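Structure record follows, encoded as structure tokens.
Note that this is a predicted model, so its numbers are computed, not measured.
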Amino acid sequence: MPHIYVILFVFTALAAVATHFVPAGLYDRVTLPNGRSAVDPDSFRYVEASPIGWEQFMLAVPKGLVNASTVVFFTFIIGGMFMVIRRTGVIDVVVDKLTRRFAARSVLMVPALMVIFAVVATLIGTQELALVYVPVILPLMIALRFDSITAVATALLATTAGFTAGVLNPINTGLGQTIAELPLYSGAGLRALLFICLLGAGIAYLMRYALRVQKNPEASLLANDPKEAAKREAYVHDLDAPAMRFTMRQAWAGVAALMFLGLMVWGVLTRGWFMMEMAGLFVLMGATVGLIAGLSPGKICEAFNEGFRDVLMGAIIVGLARAVAVMLEQGQVMDTLVHGLGNLVGDFPSSVSAVGMFVSQLGFNFVVPSGSGQALVTMPIMAPVSDLIGVTRQNAVLAYQLGDGLSNIFYPTSGYFMATLALAGVSWDLWVRFFLPLFGIWVGIATAFLIYAQAVNWTG
């Protein structure tokens, strides 16, 4: 497998070349009642071609980094903040205590965490919280003799299952239903069943892998990775040794960290905080916790620097991934692709038209790996198309949710996903080897639900 930089550069080049062959087209944008801008489905027109030139291609990566700057800098800051907390020794003591407490039933840690993460995602719609979860649970999973793939999968699989099903998710379900002019959060019963099926399959799949790794570390996909060996040396504790204890300063630092995390939850739920606000909070959290624990300002700065270095590749990958969409947008072929997908769906046989919508959304998510972005671009087209081909609008929204959510942790153009892998030290090609069979299972579950919804003319 080529380096991920090479893969994303090739995709960017292909997108630039495509602008020389795909006709340029545009939809007019209209402002929704909530202030968001969506396409006018009846306004598509072909415009004068504007293929990407060498100078625009030269700027693709820098512009990708600028456009994805929120995720880029969030990745840097969360890496730096957790390195500061690790330098305080608080994480080591917490991991030691949890390892001793759950050593006899460590396997239950995986489903317990997955259920919590999935419920949060299906209620508030934040797949990106996986970026926060992974650094927290990684030391514990290693200490319990799992591996980094188990840690990152616990966060990614759970948040994806919850986000995709979107029982009360304002980002995909709420926005999609608003654009499709459906009652808000209608059809929650079927989506709750979908949530159970996706999460259940994810838990079973990961448990099988985690137990195999715990029994035999050589079964890990990271068995020959020297960085993984270093993590085991750092985090695996000797349970026969005396238990670690908090110093007074560490105890107060731990309390301060919990208070900051509580403030983050409050901000997300009541103030609409997202990456920008959380990044600012994490800067304050790292500095405050470090000072309380007794680190000097200089040591805190060095810890931030070390954390920045650890996640550098993940942050750069986010910008490289965004460069693909930058090429398509500047070449004015993004709307042409959306228009073509709408026509393609209309050509599917009525019996599988909902599945056709799912497949088209799955494909489009490669270039627009954003739930709200995809809804605002595709749902104004897919909603009226569904009326013409005999698919209920409720099922059209479900097809969009499934096409967007499931592939968010598969495509290398998904910025937060690639950053999460980088935080865990897991390469994209190894993740694909791990995830591909489950992706096939999830696609099968999605197809079954769409066919059922089509058969019963599901309206919610």
Side-chain angles (χ1 to χ4, degrees), residues 32 38-39 41-42 121-122 125 160-201 338-365 368 370-408 439-460:
L32 301 176
V39 303
D42 300 320
T122 207
T160 299
F163 179 88
T164 302
V167 178
L168 296 175
N169 180 351
I171 293 178
N172 63 358
T173 306
L175 184 57
Q177 289 183 332
T178 298
I179 295 172
E181 300 178 342
L182 293 169
L184 195 60
Y185 303 129
S186 54
L190 186 65
R191 291 198 305 277
L193 182 59
L194 173 64
F195 171 78
I196 293 170
C197 291
L198 291 176
L199 181 59
V338 176
H339 180 68
L341 288 174
N343 292 335
L344 177 65
V345 170
D347 293 335
F348 276 88
S350 59
S351 58
V352 293
S353 49
V355 177
M357 281 189 165
F358 165 58
V359 172
S360 67
Q361 296 280 13
L362 198 67
F364 188 71
N365 198 46
V368 183
S370 161
S372 58
Q374 190 168 344
L376 292 166
V377 173
T378 64
M379 282 311 301
I381 291 98
M382 292 302 177
V385 166
S386 68
D387 296 337
L388 298 175
I389 61 178
V391 175
T392 66
R393 292 196 171 197
Q394 197 74 260
N395 208 12
V397 173
L398 182 63
Y400 140 70
Q401 290 178 228
L402 291 164
D404 166 54
L406 297 184
S407 56
N408 278 339
F439 182 68
I441 294 169
W442 274 357
V443 168
I445 292 172
T447 302
F449 269 81
L450 290 168
I451 291 174
Y452 169 77
Q454 176 84 350
V456 300
N457 201 36
W458 178 53
T459 60

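Between the side chain of Trp458 and the backbone N or O of Thr392, no donor-acceptor pair lies under 3.5 Å. Proximity of a side-chain donor or acceptor of Gln394 to a complementary backbone N or O of Thr459 within less than 3.5 Å is detected. Within the 3.5 Å criterion, the main-chain N or O of Phe364 finds no donor-acceptor partner in the side chain of Gln374. Using modelled atom types, one side-chain atom of Arg191 and one backbone atom of Ser186 make a donor-acceptor pair closer than 3.5 Å.
Pairing each heavy atom of Ala180 with each of Arg393, the nearest pair is O-NH1, 3.1 Å. Here the shortest heavy-atom pairing between Gln177 and Leu184 reads OE1-C, 3.5 Å. Asn169 and Tyr185 get closest at one heavy-atom pair: O-CE2, 3.7 Å. Of all the heavy atoms in Pro41 and Pro384, the pair that sits closest is CB-CG, 4.3 Å. Between Thr447 and Phe358, the closest heavy-atom pair is OG1-CE2, 4.2 Å. The minimum heavy-atom distance between Leu406 and Ala446, with the atom names listed, is CD1-CB, 4.1 Å.
Between Leu194 and Ile445, the closest side-chain pair of non-hydrogen atoms falls below 4.5 Å. Looking only at side-chain heavy atoms (C-beta outward), Val397 and Leu182 come within less than 4.5 Å of each other. When side chains are defined from C-beta on, Ile381 does not count as touching His339, because their heavy atoms never get closer than 4.5 Å. Two residues are said to be in side-chain contact when any heavy atoms from C-beta on lie closer than 4.5 Å; Gln454 and Val391 meet this criterion. Looking only at side-chain heavy atoms (C-beta outward), Met382 and Leu341 come within less than 4.5 Å of each other. Looking only at side-chain heavy atoms (C-beta outward), Val167 and Thr173 stay at 4.5 Å or farther from each other.
Note that the OH atom of Tyr400 and the CD1 atom of Ile179 stand 7.5 Å from one another [nearest 0.5 Å]. One finds the CD atom of Gln401 at 9.0 Å from the CE atom of Met379 (value rounded to the nearest 0.5 Å). With rounding to the nearest 0.5 angstrom, the CG atom of Leu168 is 10.5 Å from the CZ atom of Phe195. Residue Leu402 holds its CG atom at 9.5 Å from CG of Leu362, rounded to the nearest 0.5 Å. With rounding to the nearest 0.5 Å, the separation of CG in Leu450 from CG in Leu398 is 5.0 Å. Taking CG of Asp404 as the reference point, atom OG1 of Thr160 lies at 10.0 Å (rounded to 0.5 Å).
Asn395 pairs by the side chain to side chain donor-acceptor pair (under 3.5 Å) definition with nothing, not counting sequence neighbours. Annotation: side chain to side chain donor-acceptor pair (under 3.5 Å) contacts of Ser360 (sequence neighbours excluded): none. For Phe439, the ring pair (Phe, Tyr, Trp, His ring centres under 6.0 Å) criterion is met by Phe410, Phe435, not counting sequence neighbours.
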